[in-house]
Amino acid sequence: MAPELVEEMSRPREQIRVLPALEKADKGVVMRFAPNPSGPLHLGHARAAVLNDAYVQRYGGRYVLRIEDTDPKRVDPHAYDMVREDIEWLGLAISDVVYQSDRFDLYYQYGRELIERGGAYVCTCENEQFRAMKLARKECPCRGRNIEDDLEMFEKMREGEYSEGEATLRVRTDLEHPDPAMRDYPAFRILKSPPHPRMDACLYPLMNFSVAVDDHLLGITHVIRGKDHIANTRRQRYIFDYFGWEPPEYRHYGRMGIEGVVLSTSQMRAGIAAGEYQGWDDIRLGTLRAMARRGIAPEAVKEAVLDIGIGETDISFSWENLFARNKALVDPIANRYFFVPDPVRVKVEGAQEQVAHALLHPAHPEKGTRDLLFQGEILLPREDLEKGSGMIRCKDLFNIEISGEGEELSACFAGESLADARAKKAPIIQWLPAKSAIPCTLVTPDGNRAGMCEHGVAREKGSVVQFERVGFARIDAVNPEGIIAYFTHR
RNA sequence: GGUCCCAUCGUCUAGCGGUCAGGACGCUGGCCUCUCACGCCGGAAACCAGGGUUCGAUUCCCUGUGGGACCA
């Protein structure tokens, strides 16, 4: 048989997509993940983080985490820790960590050099005034100043002699550029407040400047980022050109949304402040910590992101895709338990006291059983009882015959035979011993479901279990009042 | 308003001039099963529109439409 045919046949059904090759990557790569510490990481960050990580793994090299905290307005002091935790959760193979707030002296130094090379000038025009000239493709008066004066003014900017907005260092680009957004964009600005949590400064580099300088200094060879940065890539090119540096290879993937979720950090923050969300890990949010709390495995996020890839198409990502990946990971290992939502207490007449031995996992008998003691009274889901009278198979126990309705409902023993239940097409449903069941709240994005569960669930704190016929859930807390479980997915 | 990207089943994705347009999720029919889970076997489901180029366009070009991004 032809070898490629053998390979074809032995290839697993569900393979992870192979990402397109990168240019000039044969000798290894240096890539980066560069988040703002403005909040915890969300799925949008995960895409950038995982994609870059995957390429570093593939080609070998270094993976730099660069904390981009050059804008004090967009720094949340708590975010440094959150970002670190989230990266740890994702399991990225970070090799270097750099804080931009440690590198301001470098930025000043290169800012001066850019002026010396004729690539930048200090502009003291009013914002409105400059904008008007820019749109008219006209030079502003500051553009013609000589280099010595610009250097001197830049120094004064650093020393705090200008007030906020009074002076800006602009990159000299091309006033004829068809895109006005490219014309003489700012590289440094004065900011007197808010204070930066990690340092003391009043002259701040803007993102395009610090990013270009750092990409070069850190030896970044390839950048995979969203296409919302295409304009920035073009702006940064001017800086590379002025310094005679070779820019990295860029790839810009499309915009990503997730159905029903806000991915904007500022909007999430506002929602939390307004009490709309419980916190950054509110399960209705698209943050990684929210996913972790619901019981989504980091590998599922990784796989989902790799499946999306680096396509330039704008997409609206569906939770279903992520859930499916997670289910494949979690189903083989999650222990099974009974959770009875909206329980109804039923006395079963005519049955012997006995113990039901239910497998913790149907595919792994060696994991053992949960032993449920039947003593006459059980709890059953209201929803299943409302379907009317008839035979019900209590899973792993025996059959019962339901008669009557509502408060008059009664049940009597109807044999042990599973075959009998099958023949009568009796539904097989979960149940609980009334005595040993404990309260359990299932938290879902649509609200809480009150119910009861097996006492054994108490030993599963922190792990994901499957509530049979209900779905997967992560056991979040085990309190004296009961168990809090977060619904993962069906 | 200016500039720039993008367009394949409901969703994600493969495709790089000639394919029965492939796969995954979801949906659905059946089998298996002491869960409505898992597994197995089937099914429905897509090339945004109109012009070119070409013997031949999902694929190349133009226009429109529809999404999106950046600057303001």
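So you know, we letter chains A, B, ... as the sequences are listed, proteins then strands, and number each from 1.
Partners of E139(A) under the salt bridge (charged side-chain N to carboxylate O under 4.0 Å, His left out) rule, at least two apart in sequence or in another chain, are R143(A). With sequence neighbours excluded, the residues that form a salt bridge (charged side-chain N to carboxylate O under 4.0 Å, His left out) with K395(A) are E468(A).
Between C60(B) and G68(B), the distance separating the two P atoms is 24 Å to the nearest Å. Here the separation of C16(B) from C5(B), taken at their P atoms, is 24 Å to the nearest Å. Annotation: A44(B) and G18(B) have their P atoms spaced 25 Å apart (nearest Å). Going from the C1' atom of U19(B) to that of G56(B) covers 14 Å, rounded to whole Å. Straight-line distance between the P atoms of C6(B) and G29(B): roughly 41 Å, to the nearest whole Å. The separation of A46(B) from U13(B), taken at their C1' atoms, amounts to 12 Å, rounded to a whole angstrom. Taking the P atoms as reference points, U3(B) lies 43 Å from G23(B), given to the whole Å. Going from the C1' atom of A45(B) to that of C20(B) covers 16 Å, rounded to whole Å.
In the set C70(B), U3(B), U11(B), C70(B) carries the atom at the smallest distance from any side-chain atom of R235(A). In the set C38(B), U3(B), C4(B), C38(B) carries the atom at the smallest distance from any side-chain atom of D331(A). Side chain of K395(A), nearest nucleotide from G2(B), C70(B), U35(B): U35(B). Between C36(B), C38(B), C5(B), one nucleotide has an atom nearer to the side chain of E312(A) than all others, and that is C5(B). Here the nucleotide nearest the side chain of R255(A), chosen from A24(B), C36(B), A69(B), is A69(B). Checking U35(B), C71(B), G2(B) against every side-chain atom of E468(A), the shortest atom distance belongs to U35(B). In the set A24(B), G2(B), U35(B), the nucleotide with an atom closest to the side chain of N321(A) is A24(B).
Along RNA chain B, the nucleotide closest to F317(A) and the one closest to A181(A) are compared, and the more 5′ of them pairs with F317(A). Of the two residues contacting RNA chain B, namely R183(A) and H229(A), the nearest-nucleotide position lying further toward the 5' end is that of R183(A).
Both distances falling under 3.5 Å, in either a Watson-Crick or a G-U wobble arrangement, occur for no nucleotide opposite U35(B). C20(B): no Watson-Crick or G-U partner with both key distances under 3.5 Å is found in any strand. Checking G26(B) for Watson-Crick or G-U wobble geometry (two distances, each under 3.5 Å) identifies no partner in any strand. Within the shown strands, U63(B) is the pairing partner of A49(B) under the Watson-Crick or G-U definition, both distances less than 3.5 Å.
Salt bridge D214(A)/R32(A): absent, no basic N to carboxylate O contact under 4.0 Å. Taking 4.0 Å as the cut-off between side-chain N and carboxylate O, R137(A) and D174(A) do not count as a salt-bridged pair. E249(A) and R251(A) are not joined by a salt bridge, as no carboxylate oxygen comes within less than 4.0 angstrom of a charged side-chain nitrogen. Between D71(A) and R189(A) a salt bridge is recorded (basic side-chain N to carboxylate O distance below 4.0 Å). Between D241(A) and R237(A) there is no salt bridge, since no side-chain N of the basic residue sits under 4.0 Å from a carboxylate O of the acidic one.
Side-chain contact of N208(A) with Y238(A): a donor-acceptor pair under 3.5 Å is absent, judged by distance alone. Side-chain contact, D446(A) with T444(A): no donor N or O sits under 3.5 Å from an acceptor N or O.
Spacing between atom CZ of R225(A) and atom C1' of C4(B) amounts to 15 Å, rounded to whole angstrom units. Remark: P of U3(B) and NZ of K134(A) are 14 Å apart, rounded to the nearest angstrom. Rounded to a whole Å, the CZ atom of F338(A) is 12 Å from the P atom of C36(B). We find that NE2 of H489(A) is positioned 10 Å from P of C38(B), with the value rounded to whole Å. Distance NZ (K327(A)) to P (C25(B)): 10 Å, rounded to an integer number of Å. Between F323(A) atom CZ and C27(B) atom P the separation is 13 Å, expressed in whole Å. The distance from atom CZ of R336(A) to atom C1' of C36(B) is 13 Å, rounded to the nearest whole Å. Between F487(A) atom CZ and A37(B) atom P the separation is 12 Å, expressed in whole Å.
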What N/O pairs connect the protein and nucleotides 13-15 of chain B at under 3.5 Å? Give each pair on its own line.
{"residue": "U13(B)", "atom": "O3'", "partner": "R17(A)", "partner atom": "NH1", "Å": "3.2"}
{"residue": "A14(B)", "atom": "OP1", "partner": "R17(A)", "partner atom": "NH1", "Å": "3.0"}

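Nucleic acid contact class of R393(A) (heavy atoms, under 4.0 Å, all strands): base. Across all strands shown, R234(A) has heavy atoms under 4.0 Å from sugar-phosphate atoms exclusively, and none from any base. As judged by a 4.0 angstrom heavy-atom cut-off over every strand, P332(A) is placed among residues making no nucleic acid contact. Across all strands, D228(A) comes closer than 4.0 Å only to sugar-phosphate atoms, never to a base (heavy-atom distances).
At most 12 non-hydrogen atoms from other residues, nucleotides or ligands lie less than 6.0 angstrom from NZ of K138(A). Atom CD of E259(A) is surrounded by more than 12 heavy atoms from other residues, nucleotides or ligands within 6.0 Å.
Residues from residues 439-466 of chain A that place a heavy atom under 4.0 Å from any atom of RNA chain B, listed by number: Q466(A). At a non-hydrogen distance threshold of 4.0 Å, L418(A), R422(A), I428(A) from residues 413-428 of chain A come into contact with RNA chain B.
Looking only at side-chain heavy atoms (C-beta outward), F33(A) and N52(A) stay at 4.5 Å or farther from each other. Side-chain contact between K367(A) and R336(A) is absent, with no heavy-atom pair separated by less than 4.5 Å. Residues Y242(A) and V171(A) meet the side-chain proximity criterion, which asks for heavy atoms closer than 4.5 Å.
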Contacts table for residues 337-353 of chain A: side-chain donor-acceptor under 3.5 angstrom, sequence neighbours left out:
{"residue": "Y337(A)", "atom": "OH", "partner": "E460(A)", "partner atom": "OE2", "Å": "2.7"}
{"residue": "D342(A)", "atom": "OD1", "partner": "R382(A)", "partner atom": "NH1", "Å": "3.1"}
{"residue": "R345(A)", "atom": "NE", "partner": "E377(A)", "partner atom": "OE1", "Å": "2.9"}
{"residue": "R345(A)", "atom": "NH2", "partner": "E377(A)", "partner atom": "OE1", "Å": "3.0"}

